[in-house]
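The shown structure was predicted, so the numbers you read here are calculated from the model rather than taken from an experiment. Residue numbering restarts at 1 for every chain, and letters A, B, ... go by the order of the sequence lines.
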Amino acid sequence: MIETAAISAPRTPLRYSYFPGCSADSTGISYTLSTAYVARKIELELVEIPDWCCCGISAAAVTDPELGIALSARSMALSERANPGLDVVAPCTGCFKSLKTAVSFARKSTSNHARVEELIEMPYAASAEAYSLLEVLSQPEVATVVKERICGSLQGLKVACYYGCAIVRPPAISQFDDPENPQSMDTLMQLAGAEPLSWAYKTECCGASHQISAPRSARVLIERILANAAANGAQAIVTACPLCTLNLDLREKEINRARQNRGEKPFNIPIYYFTELLGLVMGGSAKELGVNRHFWPVSAIDIGVANSSLDAEVVA
Amino acid sequence: MTTIDLSEVTSADLEAVSQISREADVDPDDCYQCGKCTAGCPMAHEMDLVPRQIIRSLQLGLYRRVLTAKSPWVCAQCQVCSVRCPQEVRIAELMLAVRHAAKREGLRPVRETDIFDDIFVSNIRSQGRNNEVFLAAFYNLQSGHLVQDVANVPAMVARGMIGPRINHVKDKAAVRRIVDKVLKKGSSGSSDSLDTPSSPSSSVAPSSPSSPGQRDGDAQ
Ligand code: SF4
Ligand code: SF4
């Protein structure tokens, strides 16, 4: 189609500096695989930050706010040095929040900026922005390309889009979407042919690391999220964070056991990364996207594309 | 209805409370006790003093009461309270500042969350990144919850989530210097231990869970 190429303006290449985060090749492996698949499809180039370190997430911030800022600023500074001119994208919303907190802290005052450079012993201009992957894919120009690459449909699958805390709160840091009723993931799911539901637990906390350190207190947070999704008729929960996903996906079985012991109805809600569902309607197979690595079984979804049914055999 | 006895509040308590608000850069007196923070708090069911009561106690100078409360340690830092407060009281920051004050005095009303955060930080200090398997294993060892989540390990291995991969930064020394510099400033009295060579088995920062002078209380 030479004609089309001649009339449409050349697309600005999509390039971002990439912060994978500590869970990228472990518990968040499906997120990494499906992100890579979607990125390939929409020609989004992800250039990994050399020698990035842990963002510190809440443990560092709780210990000392400066620690989270300094650890994140180190990776941002390495990004500016190795990938000049590129903004940073972090698929994990926890990483996104830490990186963005560091950027806004360093930009706030010259004394803050000096303190950060003193701590990381490196020049840091604080010129690169930090974005979540959801924000990057939701930008209108990118969403247009996403739409062009979609060849199947989720056929009205009823999905509860779950954003969690860190991607929207505090809004002064995240500067993204509506903190109480965000829509960006819902819009992408609509493009994929799903029916995003209106529900109340979009931005409720999943308990984060409290699911390890205070499991008995925190399990109910997951249960409430599953319960509200179920009450609203969700056939799936869609996520944008590896920790939220692990908490929901890994614990559903255990929560169901407890519910059955109490004589309550168990849930049957598979949990997907938004990138898995996008990849699926772009023609990816369950294996390529990492969908076969879930803990709670995924359901068969006919999306009308050869060889990318979700009828995946989940690893035993 | 419970009444609060204010006769024991000293001027030292009042000064300590204002230090908490200075650290958090939040004035508890802005709060008019509407309770909206508490209505949305996902952890309120586990708190001995709900967020509204923590703020009220700070207003009244009840330093000991907030210091021994479990609430700041079960707070998940989800920021719902801060975002919804009509008076823009950033409650989550106050929770954090109370926690730091308690820790300075050798108190940790909830042992587990503190152990977890310490191990997390010492993991970063030694590897530059967090190896989730080490993290969980050391947490189990130090918290005494030895078999927690062990049943999930084979499933994680089968999914390629756990393996012998090396997940650390090349310039580990740079990350270590950052951690040490920030924590030394905190004058937590543990700066000596920061200079010890680290191995995954030595939890260093910022205060070793086994160090004396800390009170243990179970989270559950
Ligand atoms: S929401 Fe704000 S004003 Fe209302 S009780 Fe909580 S801190 Fe006070
Ligand atoms: S930040 Fe803490 S106190 Fe505030 S709503 Fe979340 S868990 Fe509750």
Pick whichever of B:M43, B:M95, B:H45, B:R90 has the most heavy-atom pairs under 4.5 Å with chain A. B:H45
Winner by heavy-atom pair count (cut-off under 4.5 Å) against chain A, out of B:G40, B:C78, B:S82: B:C78
Step through the shown structure and confirm whether more than 12 heavy atoms of other residues, nucleotides or ligands are within 6.0 Å of CZ on A:R81. no
Atom NZ of B:K172 with >12 non-hydrogen neighbours under 6.0 angstrom: yes
Starting from the C-alpha separation in whole Å, work towards a yes-or-no answer on side chain to side chain contact (heavy atoms under 4.5 Å, CB included) for A:I212 and B:F116. CA-CA 8 Å; A:I212 293 177; B:F116 182 87; 4.1 Å; yes
Sort [X] into side chain, backbone, both or neither according to what part of it lies under 4.5 angstrom from a heavy atom of chain A.
X	result
B:C75	backbone
B:V80	both
B:I178	both

Of all heavy-atom pairs between [X] and [Y], which one has the smallest distance, and what is that distance?
X	Y	result
B:M156	A:F295	CG-CZ, 3.8 Å
A:R224	B:P42	NH1-O, 3.3 Å
B:V83	A:P171	CG2-CD, 3.6 Å
A:H210	B:V74	NE2-O, 2.9 Å
A:L67	B:V179	CD1-CA, 3.7 Å
B:V175	A:C53	CG2-CB, 3.8 Å

Nearest 0.5 angstrom please: [X] [atom1] to [Y] [atom2], how far?
X	Y	atom1	atom2	answer
A:S217	B:M47	OG	CE	10.0 Å
B:M161	A:L246	CE	CG	6.5 Å
B:R129	A:C22	CZ	SG	7.0 Å

Between [X] and chain B, with a heavy-atom cut-off of 4.5 Å, which part of the residue counts as in contact: side chain, backbone, both or neither?
X	value
A:V220	side chain
A:A70	both
A:A61	backbone
A:K97	side chain
A:S23	both
A:L221	side chain
A:E204	side chain
A:P65	side chain

Is the closest side-chain heavy-atom distance between [X] and [Y] below 4.5 Å?
X	Y	answer
B:N152	A:K253	no
A:C54	B:F120	yes
B:L183	A:E66	no
A:I173	B:Q79	no

Checked A:T203, A:L250, A:I120, A:I29 vs chain B; the most non-hydrogen pairs under 4.5 Å come from A:L250
Which residue out of A:M122, A:R169, A:E121 racks up the most heavy-atom pairs below 4.5 Å with chain B? A:R169
B:I124, B:D114, B:V121 screened by side chain to side chain contact (heavy atoms under 4.5 Å, CB included) with A:T63, the one that passes: B:V121
Could you go through the side chain to side chain contact (heavy atoms under 4.5 Å, CB included) check for B:R159 and A:H294 one step at a time? CA-CA 8 Å; B:R159 282 160 180 78; A:H294 290 201; 5.8 Å; no
Do the side chains of B:K181 and A:E118 get close enough for a salt bridge, i.e. N-O under 4.0 angstrom? no
Quick one: do B:R84 and A:E180 make a salt bridge, cutoff under 4.0 Å? yes
Treating A:D51 as the side-chain partner and B:D171 as the backbone partner, does any N or O pair qualify as donor plus acceptor under 3.5 Å? yes
